[in-house]
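Here the structure comes first, spelled out in C-alpha cells, and everything after it is commentary.
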Amino acid sequence: MLLQIANLLIESAFGFVIFLLLLRFYMQAFRAPFRNPAGELVTGLTNWIVRPARRFIPGLYGLDLSSLVIAWVLEVIMLALLRLLMG
C-alpha cells in the first residue's frame, strides 16, 4: 500500500514537470506565442530549471534543447527512483 502511494507521488510530481518541459519545447518548436496565459504559466513554472541549464546546453536551429535534455534526465531519475522503490 505504501509502495503504491510512493509510486503515485513520484509519477505525479515528475510527470507534471516533464510534461511542462516538453510543452515548452513543443511551443518553441512550433513558434507558439508565449504571450498568452498558457505560455506564461509554462515559462513561469519551468524557468527555474531551464535558464541555468542554457549556459551548458546550447540550442540547435532555434530549438530549445535544454528543456528537452532536462525532461529526459528527469525521466531517467524518475525511472531509477521507481526501480529502487520496487526493489
Side-chain angles (χ1 to χ4, degrees):
M1 179 79 166
L2 290 176
L3 290 177
Q4 291 175 343
I5 293 171
N7 189 355
L8 176 71
L9 290 174
I10 290 171
E11 284 184 1
S12 298
F14 277 90
F16 181 66
V17 175
I18 291 168
F19 171 75
L20 287 175
L21 288 167
L22 291 176
L23 183 61
R24 181 179 178 131
F25 174 76
Y26 284 127
M27 286 179 73
Q28 287 181 349
F30 293 123
R31 307 283 191 253
F34 278 89
R35 287 304 214 191
N36 56 30
E40 289 180 3
L41 176 74
V42 169
T43 304
L45 291 176
T46 57
N47 261 352
W48 65 274
I49 195 167
V50 172
R51 292 195 69 190
R54 281 189 178 161
R55 284 185 254 155
F56 307 110
I57 305 167
L60 181 67
Y61 300 116
L63 296 177
D64 183 24
L65 290 183
S66 59
S67 56
L68 190 64
V69 169
I70 293 169
W72 182 78
V73 167
L74 286 177
E75 184 75 26
V76 168
I77 292 171
M78 181 185 78
L79 291 175
L81 283 174
L82 291 175
R83 186 96 169 168
L84 285 173
L85 187 66
M86 295 302 162

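These numbers come from a predicted model, not from an experiment.
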Task: Residue pair I18 / E75: nearest heavy atoms and the distance that separates them - done: CD1-OE1, 3.2 Å
Open item on the list: Any heavy-atom pair between the side chains of R35 and T43 that's under 4.5 Å?
Closed with: no
- [ ] For atom CG of L2, decide whether the heavy atoms of other residues, nucleotides or ligands shown that lie under 6.0 angstrom number more than 12.
- [x] no
Task: L21 vs I49 side-chain heavy atoms within contact, under 4.5 Å - done: yes
- [ ] State the CE-CD distance between M86 and Q4, to the nearest 0.5 angstrom.
- [x] 7.5 Å
Open item on the list: Between W72 and F16, is there shared hydrophobic-cluster membership here, with clusters defined by ILVMFWY side-chain heavy atoms closer than 4.5 Å?
Closed with: no
- [ ] Over all heavy atoms of both residues, which pair between V42 and T46 is shortest? Give the atoms and the distance, please.
- [x] O-OG1, 2.6 Å
Open item on the list: Between L60 and I57, is there shared hydrophobic-cluster membership here, with clusters defined by ILVMFWY side-chain heavy atoms closer than 4.5 Å?
Closed with: yes
TODO: Could you pull out the closest heavy-atom pair between M27 and F34, with the gap in Å?
DONE: CB-CZ, 3.7 Å
TODO: Treating Ile, Leu, Val, Met, Phe, Trp and Tyr as nodes and any side-chain heavy-atom pair under 4.5 angstrom as an edge, say whether L23 and W48 lie in one connected cluster.
DONE: no
TODO: For a side chain to side chain contact (heavy atoms under 4.5 Å, CB included) with L81, tell me which candidate from L79, L85, I77 qualifies.
DONE: I77
- [ ] Search all heavy atoms of L63 against all heavy atoms of A29 and return the closest pair with its distance.
- [x] CD2-CB, 3.6 Å
TODO: Give the cluster check for L45 versus V69: same hydrophobic cluster or not, with ILVMFWY residues linked at side-chain heavy-atom distances below 4.5 Å.
DONE: no
- [ ] Of all the heavy-atom pairs spanning F25 and S67, show the shortest one and how long it is.
- [x] CB-OG, 3.7 Å
TODO: Please name all residues satisfying salt bridge (Lys or Arg N to Asp or Glu O under 4.0 Å) with R54, sequence neighbours left out, ordered by chain then number.
DONE: D64
Open item on the list: Once rounded to the nearest 0.5 Å, what's the spacing between atom CG of L74 and atom CG of L20?
Closed with: 11.0 Å
Task: Heavy-atom pair of closest approach, residues S66 and V50 - done: OG-CG1, 3.6 Å
Task: Single-linkage hydrophobic cluster, 4.5 Å side-chain cutoff, F30 and F19 together - done: no
Task: Nearest-0.5 Å distance that lies between atom CG in L68 and atom CG in L65 - done: 6.5 Å
